[in-house]
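Contents: one structure, followed by commentary.
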Protein chains: 2
Amino acid sequence: MSQPQDSSDSLRADKPADEPSDEPRRRSGRKNAGGITLRDVAQLAGVAPITASRALNTPAAVSPKVLQKVKDAVERTGYVPNLLAGGLASNKSRLVAVVVPTVIGPVFQEIVHTLTETLAAAGYQVMLGQTGYENSREDALLEAIIGRRPDGVVLTGIMRSQQARKRLLSSGIPVVETWDLTPTPIDMLVGFSHENIGREVARYLHGKGRRAAAVLGGKDERSQRRMLAFAQEAAALGMTVDGAQVPMHGVSAPTTLGQGRKGLADLLQQQPNIDALFCSSDLLALGVTIEAQSRGIGIPGQLAVVGFGDLEFSRDLEPRLTSVRIDGTAIGQRAARFIIDRAAGLEIAEPIVDVGFSIVVRDSA
Amino acid sequence: MSQPQDSSDSLRADKPADEPSDEPRRRSGRKNAGGITLRDVAQLAGVAPITASRALNTPAAVSPKVLQKVKDAVERTGYVPNLLAGGLASNKSRLVAVVVPTVIGPVFQEIVHTLTETLAAAGYQVMLGQTGYENSREDALLEAIIGRRPDGVVLTGIMRSQQARKRLLSSGIPVVETWDLTPTPIDMLVGFSHENIGREVARYLHGKGRRAAAVLGGKDERSQRRMLAFAQEAAALGMTVDGAQVPMHGVSAPTTLGQGRKGLADLLQQQPNIDALFCSSDLLALGVTIEAQSRGIGIPGQLAVVGFGDLEFSRDLEPRLTSVRIDGTAIGQRAARFIIDRAAGLEIAEPIVDVGFSIVVRDSA
DNA sequence: CTGAAAGCGCTAACAA
DNA sequence: TTGTTAGCGCTTTCAG
């Protein structure tokens, strides 16, 4: 490959510093985009390294002439700043850790997507971490995260180990917890109340004249809380209540359509007369729909079904699925803003946000 | 908290500066897990920093006694190594960038999941990047990625801009492309042939006695190639071929169930006699199933349907969906191994891997 | 097996 | 506005 950028150098006319004077011992193996550093750029532009740095980071603080020279030099060398070095020197890594139980399954997709996008637009890069719903990996993961000195950590539906929480807190890294309304957040919080959801759904179904309620959900903690609140409220309203817990295959997997089918079968065996069912995910609800269909059970006629998550496909099902909608985009944006603001040194006036939820009423209930 | 180290600096007291108050100016605002550095640990353990470093990184290279002392010191101080600093010094960031069009949608979930998990187990952290199917963001994203000097980049279904490819190549960072079999990969490759899939599905349906083929797919490039190959092979086998292209709402979004419903409707209007349909995603196929059901079209009796992706739910649909399965886990593991091996300085014997695919035959076709 | 010295590439403090 | 100096926290190199 011919690289014709050897001695032409038509730009740096004033300071011929070709003198390889007392070359200090250089370290080996560089992976550095051609080995070009800020110093090379500065030299080519005929300015001090710090000036080149300013031209790139705070262009307003530099004369237009210098700015242009530096830009040219960057262009000609193909220089890409080493953000690791910059981060070390400035103590700002521009890295944000996002931790979820798993990226498999539709639940946290919207949040991860929004965070990645919003933070990227602000110059941050997202590091992804998966805990797998277990505590065991939390500690190792935390160590790996803190070691990178991120400018923020977003926790979604996890981090229960008390020790881990303490560790994070004492690291001084801004933390945003999401997907729940913890009574005692580590730092900042963007969430919603699982209990309120359960209660509201119970009231909604009761209001529709249903009297024999049932719930179907996985055994993750938040799902359980929705289910419990639903059951309690339904009972308080005078409804009968049955429930089935979906067996989670592997503690890190989300609920599945198959579990929905099986779940309804189990439920019907337990209590054939149920007329209202709250599923802790839309996938479960879809399974229930299919199973009901194959059994000739009419939805919503015989059985009203409410899902959770309002997945993209739910509006197009037959019948169209009524579901609880969580605005993952809003959560992601708010969380991103919290971290960006913190990094900018702003005071967060209200570090706890309840984004709420809504019941999207369609045909299935 | 008695810290018996009142400015005596027991370790480096060999240069008595004339002025006693020689304390060097310290930089401000540290976010450093309590501000504990390797030097603090080393001092507490009574060894040199480099020895403490060795105790942590290559425990076999220090005496058991020293190892214990350092471990104790780490324990007592709560020290967490600064991986940014380590990365800068050693030129190994232990960061791997994973780039996908979007994490929304089920397509790349398995790969991202596997990569994150496998790499984490090897001490690497995944940085997530989303291009949004557009080229526009590719350049900025690439700059952000290269700037972090990752030890590897995994590209999934993207990076078309020639300039971007060149940039990556010249950065010297190991690159693994996935989800396709490019004729001229940048570096390493783990993929499968979209053309072969199209052809095989056509043959399969022809073998089942179907003669009026149709395809339904999104307009992303690979989907198109599957569809085209399918159409060509079907025609070559003497089948009639119709096709419909799903309108993508926003170029970055994956195909949806709703599009499947609409797609079938359009297709039937075009050609009511089709008896075999290849959908470029399982979600599309599900939509087709539902639409067919509501129109009283029997599957597979009247219409055979084949999906793509073999999503988790496909096996539980009614009828159970026949689909093309891609082993995302295998792709992720292979890609991770490539990068880990490269980082270890190993020669990659065969840098191009075809993981193939399989047609999972169920009831729908 | 252990240590001193010298940076990795960049930016915060000061100064000019 | 620009430059000088001194690190950021760690690891490489080269000696003991």
Side-chain angles (χ1 to χ4, degrees), chain A residues 15 22-43 45-67 69-70 79-94 146-149, chain B residues 11-15 22-43 45-67 69-70 79-94 146-149:
Chain A
K15 262 231 174 141
D22 62 272
E23 191 68 18
R25 165 179 96 223
R26 299 239 112 187
R27 309 239 305 227
S28 66
R30 21 177 67 196
K31 182 186 48 182
N32 169 19
I36 296 132
T37 73
L38 185 62
R39 222 174 57 189
D40 301 325
V41 171
Q43 201 162 313
V47 297
I50 182 64
T51 302
S53 171
R54 289 191 184 110
L56 295 174
N57 298 315
T58 50
V62 124
S63 73
K65 209 165 126 189
V66 165
L67 180 56
K69 280 198 294 187
V70 172
Y79 170 70
V80 179
N82 184 328
L83 268 27
L84 254 47
L88 179 60
S90 68
N91 209 6
K92 287 171 200 302
S93 63
R94 300 217 140 229
I146 296 179
R148 258 103 195 180
R149 303 295 188 270
Chain B
L11 249 191
R12 46 141 191 187
D14 42 354
K15 248 209 175 165
D22 196 20
E23 196 63 17
R25 158 183 101 224
R26 297 241 113 184
R27 305 227 321 215
S28 65
R30 18 178 67 195
K31 183 185 50 182
N32 170 17
I36 296 134
T37 73
L38 186 62
R39 220 174 59 189
D40 301 325
V41 171
Q43 201 162 312
V47 297
I50 180 60
T51 301
S53 171
R54 288 192 185 110
L56 295 174
N57 298 316
T58 50
V62 298
S63 69
K65 211 165 125 189
V66 166
L67 180 55
K69 280 199 291 186
V70 172
Y79 169 69
V80 180
N82 184 329
L83 269 25
L84 253 48
L88 179 59
S90 68
N91 209 6
K92 288 172 201 304
S93 63
R94 300 216 141 230
I146 297 180
R148 255 105 196 177
R149 303 296 189 269

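Quick note on labels: first sequence line is chain A, next is B, and so on, each numbered from 1.
Of all heavy-atom pairs spanning B/Asp40 and B/Gly35, the tightest one is OD2-O, 3.5 Å. Taking every heavy atom of both residues into account, A/Arg94 and B/Arg148 meet most closely at O-NH2, 2.8 Å.
In the set D/dT11, D/dT2, C/dA13, the nucleotide with an atom closest to the side chain of A/Val66 is D/dT2. You'll find that the side chain of A/Thr37 is closest to C/dG9, out of C/dG9, C/dA12, D/dT11. Taking only side-chain atoms of B/Pro81, from C-beta outward, the nucleotide of C/dC10, D/dG3, D/dC10 with the closest atom is D/dC10. Picking from C/dC10, C/dG9, C/dA12 the nucleotide with the shortest atom distance to the side chain of A/Leu38 gives C/dC10. The A/Ala89 side chain lies nearest to D/dG7 when the options are C/dA4, D/dG7, D/dG3. Listed nucleotides D/dT12, D/dG9, D/dG3 differ in distance to B/Ser90; the shortest reach to its side chain belongs to D/dT12.
Between A/Tyr79 atom OH and C/dG9 atom P the separation is 10 Å, expressed in whole Å. Protein atom CZ of A/Arg39 is 15 Å distant from nucleotide atom C1' of C/dT11, rounded to whole Å. As rounded to whole Å, 15 Å separates atom C1' of C/dC10 from atom CZ of A/Arg94. B/Leu88 places its CG atom 12 Å from the P atom of C/dT11, with the value rounded to the nearest Å. Rounded to whole Å, atom P of D/dT1 lies 16 Å from atom NZ of A/Lys69. Rounded to an integer number of Å, the gap from A/Lys65 NZ to D/dT2 C1' is 13 Å. Taking atom CG of A/Asn82 as the reference point, atom P of D/dC8 lies 18 Å away to the nearest angstrom. In this structure, the CZ atom of B/Arg148 is 14 Å from the C1' atom of C/dC10, given to the nearest Å.
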Donor-acceptor pairs are to be reported for all side-chain atoms of residues 49-62 of chain A against protein atoms at under 3.5 Å, with residues two or more places apart or in another chain.
| residue | atom | partner | partner atom | Å |
| --- | --- | --- | --- | --- |
| A/Ser53 | OG | A/Asn57 | ND2 | 3.3 |
| A/Asn57 | ND2 | A/Ser53 | O | 3.1 |
| A/Thr58 | OG1 | A/Arg54 | O | 3.4 |

Check against side-chain contact (heavy atoms from CB on, under 4.5 Å), B/Leu88 and A/Asn82: CA-CA 9 Å; B/Leu88 179 59; A/Asn82 184 328; 4.1 Å; yes
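Considering only side-chain N and O atoms, A/Thr51 lies nowhere under 4.0 angstrom from the phosphate OP1 or OP2 of D/dT2.
A heavy-atom distance below 4.5 Å is not found between the side chains of A/Lys92 and A/Arg149. Contact annotation: the side chain of B/Ser93 approaches that of A/Leu84 to within less than 4.5 Å [non-hydrogen atoms, C-beta and beyond].
Under the side-chain contact (heavy atoms from CB on, under 4.5 Å) criterion, B/Ala45 pairs with B/Val47, B/Lys69, B/Val70, B/Ala73, sequence neighbours left out.
Of all the residues in residues 52-63 of chain A, A/Ser53, A/Arg54, A/Asn57 reach under 4.0 Å from DNA chain C with at least one non-hydrogen atom.
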